[in-house]
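Here the structure comes first, spelled out in structure tokens, and everything after it is commentary.
Residues: numbered from 1 along the sequence shown. Atoms within a ligand are numbered from 1 in the order they appear, just like the ligands themselves.
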Amino acid sequence: MSCKIAVLAGDGIGPEIMLEAERVLACLQQAFGFAVEIERDLIGGAGLDRDGVPLPESTLRLAQAADAVLLGAVGGPKWELLEPRLRPEQGLLGIRQALGLFSNLRPAILFPQLADASSLKPELVAGLDLMIVRELTGGIYFGEPRGIEGETGARRGFNTLVYSESEIERIGRSAFDIAMRRGRRLCSVDKANVLESTMLWREVMTALGADYPEVELSHMYVDNAAMQLVRAPKQFDVIVTTNMFGDILSDCAAMLTGSIGMLPSASLDRAGKGLYEPVHGSAPDIAGQGLANPLAVLLSLAMMLRYSLDQAPLADQLEAAVGVVLDSGLRTADIAGQGEAVSTSEMGQAVVAQLRRQAEQV
Ligand code: IPM
Ligand code: MG
């Protein structure tokens with residue numbers, strides 16, 4: 001039985017980094033005997049240009065039929081002035097909701113080879129390895145009512161922040177399970193001193209804690225959490241939080257590692273099916289120039305192998321290959337500092353070459 005992967009390159013640097021991911025998949029197939037089938041379709045601005053919608057029906061059907069989805073990035077200035085429901089971002093929000101991908105895992109790992117790339121002092125970030133678990137299909141992103149109403153000059157814009165107990169419980173379980181597989185410390189981030197929805201969040205998380213006696217549960221207000229992330233980030237193991245707080249804190253955590261160009265993410269449903277994407281966006285300013293770092297999408301692929309395809313040994317091989325390539329000093333522009341930079345495809349090819357060497361040793 002072969003694994004079916006839906007590849008949605010999207011916009012901006014999406015297509016060029018995805019080319020490297022496909023090279024790596026081909027190598028895993030040839031050199032390691034990994035049985036995989038790839039099918040491609042459009043999302044975001046690319047979907048808009050072809051079908052007039054950011055999430056074409058064919059794309060959704062492909063994603064639903066696949067074992068896992070690998071996504072590049074969506075968005076760009078070309079589509080920025082469209083009405084909200086036609087923005088490329090709606091493709092991403094739509095596929096998350098349609099596939100029920102409620103649990104978004106965003107690791108922030110500092111590769112020892114890149115300690116200098118962080119804007120924080122090396123001793124504050126050396127060895128950093130934290131995981132943000134962001135609720136992804138609820139909260140203020142999807143709450144109703146929402147809209148802009150009234151006469152020009154007197155209009156009101158409004159959104160609704162709402163969480164049900166069952167939504168909080170399922171993201172809570174997801175986070176506790178992950179904490180059990182890591183350092184067994186979970187920090188739930190809320191604004192329970194002001195917002196009722198997150199008062200309930202805190203109550204449900206606390207009650208869930210009784211089912212996980214081995215996990216040390218703590219709570220933190222989001223403003224303090226933002227401060228602690230840049231003050232002493234290594235105090236965290238796993239953070240669980242709402243959709244919007246997770247959006248903000250995960251960008252902050254990403255930058256602790258020096259380059260958002262290195263970070264993968266997974267969005268999972270109840271059954272462990274998932275969509276995997278780099279945390280960086282479509283970076284339209286550097287698109288098409290071979291400057292993008294393909295390592296985030298390659299590490300996203302490694303997460304896919306581990307979390308959705310039951311191929312942990314291949315994930316280990318891929319992550320090891322990335323480590324060796326970094327050890328060898330190869331850097332794309334985003335992590336090169338003052339040093340010399342290689343192109344997107346040179347980086348991708350170096351990972352493939354290293355994987356082939358590793359395959360000979362298996
Ligand atoms: C993210 C992005 C998206 C989000 C946007 C592009 C809709 O910022 O994945 O973090 O807010 O979820
Ligand atoms: Mg974001």
Distance-only side-chain donor-acceptor flag, [X] / [Y], under 3.5 Å:
X      : Y      : result
Ser343 : Glu346 : yes
Arg50  : Thr59  : no
Arg106 : Ser267 : no

Any heavy atom of [X] closer to ligand 1 than 4.0 angstrom?
X      : answer
Gln90  : no
Arg96  : yes
Arg106 : yes

Give yes or no for whether the N/O distance cutoff of 3.5 Å, strictly under, is met between Glu89 and ligand 1.
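Such a contact does not occur with ligand 1.
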
Please confirm if an N, O or S atom belonging to Asp247, backbone or side chain, lies less than 2.8 Å from the Mg ion (ligand 2).
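Of the N, O and S atoms in Asp247, at least one lies under 2.8 Å from the Mg ion (ligand 2), which means yes.
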
Close-contact set for ligand 1 against Tyr141 heavy atoms, below 4.0 Å
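Those atoms are 4 (C), 11 (O), 12 (O).
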
Which ligand 1 atoms does Arg134 reach within 4.0 Å, using its non-hydrogen atoms?
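Counting from 1, the qualifying ligand atoms are 1 (C), 4 (C), 9 (O), 10 (O), 11 (O), 12 (O).
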
What's the spacing between [X] [atom1] and [Y] [atom2] if we round to 0.5 Å?
X      : Y      : atom1 : atom2 : value
Thr242 : Tyr141 : OG1   : OH    : 9.5 Å
Thr332 : Asn293 : OG1   : CG    : 3.0 Å
Phe236 : Leu130 : CZ    : CG    : 8.0 Å

Heavy-atom nearest option to atom 2 (C) of ligand 1, drawn from Ile248, Asp251, Asp247, Asn243
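That would be Asp247.
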
